[in-house]
Amino acid sequence: MRRSFRVTHGVVVALLCLGLASELSAQSSAEYNLNAYVFTEESAVQWKLHKRLREISGLGTTADGRVWGHDDELGIIYEIDYSEGKVVKVFAFGLETPVADFEGIAWAHGKFYLVDSDGRIYEGSEGDNDERVLYNTYETRIGVACEVEGLEYEPEENVLLLLCKRPRVEALRDHMAIFRWSLDQRAITPDTTLVPLNALAVDPDEEDSFRPSGIARNPATGTYFVISAQRNAIAEVTLQGEVLGVEVLPKKLHRQVEGITFASGNTLLLADEGGNKRARLTLYRPSR
């Protein structure tokens with residue numbers, strides 16, 4: 001179910017009477033939306049990551065501002081000093097490391113969450129360096145509907161957002177879907193955000209080619225930045241399904257963008273898998 005909210009003339013009048021119209025205007029002119037970032041080689045700071053992160057597949061940030069990445073095939077989590085691109089800590093889930101197609105990481109209420117491509121969620125606490133920690137798993141069954149590739153925490157609804165990369169059912173065809181998994185109920189909620197792929201097109205001749213590979217909540221605006229490795233693009237969307245902007249990323253810097261998060265000062269971080277080379281971490285700071 002896609003939710004929507006329309007600001008009609010009557011609603012605007014009511015807001016004016018309540019003295020809230022100025023707040024709405026301030027929110028709509030936030031200084032940290034997508035067009036506040038300049039995606040060029042000159043504006044970027046880039047690091048080559050440790051060879052253990054060659055297959056980095058997701059990025060996340062904890063409440064204290066630390067940045068984390070995870071491996072594509074193993075339940076291993078790395079703390080990354082993004083000011084130098086160095087790994088400063090690593091820990092693993094399980095006495096035996098779980099093996100899966102891991103596609104996203106999020107942090108909520110003192111716990112780390114990983115998701116695999118079938119929508120299975122892994123939950124565990126932070127470990128010390130080289131420690132193994134116990135973890136829980138939850139079957140969301142989203143994998144029946146789509147291939148999952150992205151995870152983020154939505155604090156206002158207290159849900160994890162599962163980003164659909166490739167639909168497996170006709171109902172999701174030609175759409176980017178964002179599912180919600182309730183941390184209170186430990187279950188998928190009825191609300192699903194659907195964004196038409198043609199609204200995310202950066203090329204009119206390839207309207208269905210924006211296949212998402214990561215999602216991050218913009219802490220300054222409450223909107224979401226979504227990346228597409230296939231189209232080498234980044235978009236800003238709302239959970240009501242509105243597309244606020246789409247930009248192309250410089251190909252020279254981004255060979256396969258898979259991870260996205262925000263750090264201190266609303267610095268935007270993107271991670272690219274390395275393939276047979278070193279993975280890269282790229283920083284973009286807002287221009288105003």
Side-chain angles (χ1 to χ4, degrees), residues 34 37 39 44 46 49 53-62 67-73 77-78 80 82 100-108 112-119 121-122 142 146-154 159-167 176-181 193 195 197 200 202 209-219 223-239 243-251 253-263 266-275 279-284:
L34 186 61
Y37 298 86
F39 298 104
Q46 191 171 75
L49 295 173
L53 278 168
R54 182 174 59 86
E55 296 299 321
I56 190 170
S57 189
L59 290 175
T61 303
T62 47
V67 172
W68 306 80
H70 68 86
D71 188 272
D72 183 51
E73 298 178 351
I77 297 175
Y78 300 82
I80 303 170
Y82 66 90
D101 184 15
F102 290 105
E103 297 293 358
I105 184 171
W107 185 90
F112 281 100
Y113 294 88
L114 297 176
V115 69
D116 65 26
S117 58
D118 288 325
I121 292 174
Y122 302 70
I142 289 299
C146 74
E147 177 185 348
V148 174
E149 190 153 352
L151 186 71
E152 181 59 295
Y153 174 58
E154 165 51 48
V159 297
L160 293 178
L161 302 177
L162 285 76
L163 181 67
C164 176
K165 175 185 178 181
R166 184 174 290 107
M176 178 181 76
I178 304 174
F179 294 91
R180 293 162 170 80
W181 189 77
T193 297
V195 181
L197 289 179
L200 296 164
V202 294
S209 62
F210 190 101
R211 298 299 175 184
S213 53
I215 182 172
R217 183 180 186 271
N218 184 336
T223 58
Y224 285 83
F225 283 21
V226 181
I227 48 175
S228 172
Q230 179 172 315
R231 284 303 296 147
N232 209 49
I234 183 169
E236 182 179 15
V237 303
T238 70
L239 289 185
V243 178
L244 304 179
V246 185
E247 298 287 344
V248 176
L249 297 170
K251 290 184 179 180
L253 298 182
H254 300 286
R255 64 167 62 96
Q256 187 176 340
V257 61
E258 297 283 350
I260 179 171
T261 194
F262 287 88
N266 242 57
T267 298
L268 176 63
L269 305 181
L270 302 179
D272 285 75
E273 284 193 10
R280 298 179 181 182
L281 181 69
T282 308
L283 287 66
Y284 294 98

So which atom in Thr282 and which in Ala44 form the shortest heavy-atom distance, rounded to 0.1 Å? CG2-CB, 3.8 Å
I'd like to know if the side chain of Arg166 and the backbone of Cys146 have a donor-acceptor N/O pair within less than 3.5 Å. no
Which pair of heavy atoms, one from Gly69 and one from Leu59, lies closest together, and at what distance? CA-CD2, 4.2 Å
Minimum heavy-atom separation for Gly275 and Glu55, please, with both atom names. O-OE2, 3.6 Å
How many angstroms lie between CH2 in Trp181 and CD in Glu154, if you round to the nearest 0.5 Å? 15.5 Å
Side chain to side chain contact (heavy atoms under 4.5 Å, CB included) evaluation trace for Arg255 with Arg280: CA-CA 9 Å; Arg255 64 167 62 96; Arg280 298 179 181 182; 3.3 Å; yes
For Ser213 and Val257, indicate whether the former's side chain and the latter's backbone hold a donor-acceptor pair under 3.5 Å. yes
Approximate separation, where rounding is to 0.5 Å, of Ile227 CD1 and His254 NE2: 9.0 Å
Is the ring centre of Phe262 less than 6.0 Å from the ring centre of Phe225? yes
Donor-acceptor under 3.5 Å (Asp272 side chain, Gln256 main chain): yes
For Ala235 against Val246, the heavy-atom pair lying closest together: CB-CG2, 4.0 Å
Tell me if a side-chain donor or acceptor on Glu247 pairs with a main-chain N or O of Phe39 at a distance below 3.5 Å. no
Please determine whether side chain to side chain contact (heavy atoms under 4.5 Å, CB included) holds for the pair Trp107 and Trp68, giving the CA-CA distance in whole Å, both sets of side-chain angles, and the decisive distance to 0.1 Å. CA-CA 10 Å; Trp107 185 90; Trp68 306 80; 6.0 Å; no
Are Leu253 and Tyr284 close enough, and set up right, to give a side chain to side chain contact (heavy atoms under 4.5 Å, CB included), and what steps lead you there? CA-CA 12 Å; Leu253 298 182; Tyr284 294 98; 3.7 Å; yes
Kindly indicate whether the side chain of Leu281, heavy atoms from C-beta on, has any atom under 4.5 Å from the side chain of Leu269. yes
For Asn266 and Tyr37, the nearest pair of non-hydrogen atoms, with its separation, is O-OH, 2.6 Å
Among Val226, Val202, Ile260, whose side chain to side chain contact (heavy atoms under 4.5 Å, CB included) with Ile234 holds? Ile260
Between Glu258 and Ala229, is there a donor-acceptor pair closer than 3.5 Å when you use the side chain of the first and the backbone of the second? no
Identify the heavy atoms of His70 and Tyr78 that sit nearest to each other, and give their distance. CA-CD1, 4.4 Å
Do the side chain of Glu236 and the main chain of Leu34 share a donor and acceptor less than 3.5 angstrom apart? yes
Check: Ser57 side chain, Phe102 main-chain N or O, donor-acceptor pair, under 3.5 Å: yes
Reported CG-to-CG distance for the pair Leu162 and Leu160, which is rounded to 0.5 angstrom: 7.0 Å
For the pair Ser228 (side chain) and Arg211 (backbone), establish whether a donor and an acceptor sit closer than 3.5 Å, ignoring hydrogens and angles. yes
Taking C-beta and beyond as the side chain, do Leu197 and Met176 meet within less than 4.5 Å on heavy atoms? yes
CG on Asp116 to CD on Glu73, rounded to 0.5 Å: 12.5 Å
Rounded at 0.5 Å granularity, tell me how far CG in Leu161 sits from CD1 in Ile215. 5.5 Å
When Asp72, Ile80, Asp71 are each screened for side chain to side chain contact (heavy atoms under 4.5 Å, CB included) with Ile56, the one that passes is Ile80
Quick one: pull up CG in Leu239 and OG1 in Thr193 and give me the separation to the nearest 0.5 Å. 4.5 Å
Contact check, side chains of Glu149 and Pro212, non-hydrogen atoms, under 4.5 Å: no
